[in-house]
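Accompanying notes for the structure given below.
We count ligands from 1, going down the list as the structure has it; atoms in each ligand are counted the same way.
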Amino acid sequence: MELIILLLAAYLLGSIPSALWLGKLFYKTDVRQHGSGNLGATNTFRVLGKRAGLTVTILDILKGTIAVLLLLLPFFENVDVHPLIPGVLAVVGHMYPVFASFKGGKAVATSGGVLLGYDWPVFVLVLVTFLIVLKLTKMVSLSSMVVSIVGFSYSIIYYFRTGDVYLLIMVGLLGSFIFYRHRTNIARIKAGTEPKVKWL
Ligand code: G3P
């Protein structure tokens, strides 16, 4: 029973559409009607500006981190499940949120939060890589896909060092989500029409 509550809590946590609620509450704007229409941090930066974008980035990262750390609660102490599993459920909630008609974000920030909660050095690695690729290409989508490959490569090394196959499987899964959710971005990158950020 506790396992079902844990997985449900992780999904509901990930389902919190921070971009939508923050936009509606403080800016009277539905970010789904503007920019790329995506319920994520990038589109919030684009539509509502830096302060709102940064807030959504932090909130979306926290959803993944908290989901991984839920197992530390005394209520879940007897639950025998790998912490990355509730993390992945939070990412599923972020992509398909029950609170926003199952149309959510593209898995990037919340996946980062999962890594932060599980193994912070890999989070630092992907964050630094993300910022470097973003500085060079000015494309958040491309940077997001590059870091999912970097994260997966790191998890292969991690597997050979520690024998922990979970990180490898889960990072592979999160990376697949990221590529799948960026299908339209991939088409735009190929066509040379993907928007570039101006603030970096
Ligand atoms: O994290 C999402 C980002 O990689 C792309 O978002 O709004 O440009 O489609 P967007």
Checklist outcome for this item: atom 8 (O) of ligand 1 sits nearest the protein heavy atom R46 NH2, 2.7 Å
Next on the checklist: Just to confirm my output: which protein heavy-atom neighbour is closest to atom 9 (O) of ligand 1, and how far is it?
Outcome noted: K106 NZ, 2.7 Å
Item to check | Nearest neighbour of atom 6 (O) of ligand 1 from the list V147, T42, N43, on a heavy-atom basis | outcome: T42
Next on the checklist: Quick check: do F45 and V140 have side-chain heavy atoms less than 4.5 Å from each other?
Outcome noted: no
Checklist entry - Counting each atom of ligand 1 from 1 as listed, which ones have a heavy atom of V108 under 4.0 Å away? => result 1 (O)
Item to check | Closest protein heavy atom (residue, atom, distance) for atom 10 (P) of ligand 1 | outcome: S36 OG, 3.6 Å
Checklist outcome for this item: Closest non-hydrogen atoms of R46 and P195, given as atom of the first, atom of the second and distance, are NH2-CG, 4.3 Å
Checklist entry - Is it true that the side chains of D60 and T110 contain a donor and an acceptor less than 3.5 Å apart? => result no
Checklist entry - Atoms of ligand 1 less than 4.0 Å from N185 heavy atoms? => result 5 (C), 8 (O), 9 (O), 10 (P)
Item to check | pair L115-V171: side-chain heavy atoms closer than 4.5 Å | outcome: yes
Checklist entry - Is the closest N or O pair between E194 and ligand 1 shorter than 3.5 Å? => result no
Checklist entry - So which protein heavy atom does atom 4 (O) of ligand 1 come closest to, and at what separation? => result H182 NE2, 2.7 Å
Item to check | S18 side, atom OG; L59 side, atom CG - distance, nearest 0.5 Å | outcome: 5.0 Å
Checklist entry - Taking the six-membered ring for Trp, are H94 and F177 ring centroids under 6.0 Å apart? => result no
Checklist entry - Heavy atoms, side chains only, cut-off 4.5 Å: are Y166 and I85 in contact? => result yes
Checklist entry - At a 4.0 Å threshold, what atoms of ligand 1 neighbour a non-hydrogen atom of S141? => result 4 (O)
Next on the checklist: With a 4.5 Å cut-off on side-chain heavy-atom distances among I, L, V, M, F, W and Y, is there a chain of contacts connecting L131 to V197?
Outcome noted: yes
Item to check | Numbering as shown, the atoms of ligand 1 that approach N38 to under 4.0 Å (heavy-atom distance) | outcome: 7 (O)
Checklist entry - Which of the numbered atoms in ligand 1 are below 4.0 angstrom from a heavy atom of V140? => result 3 (C), 4 (O)
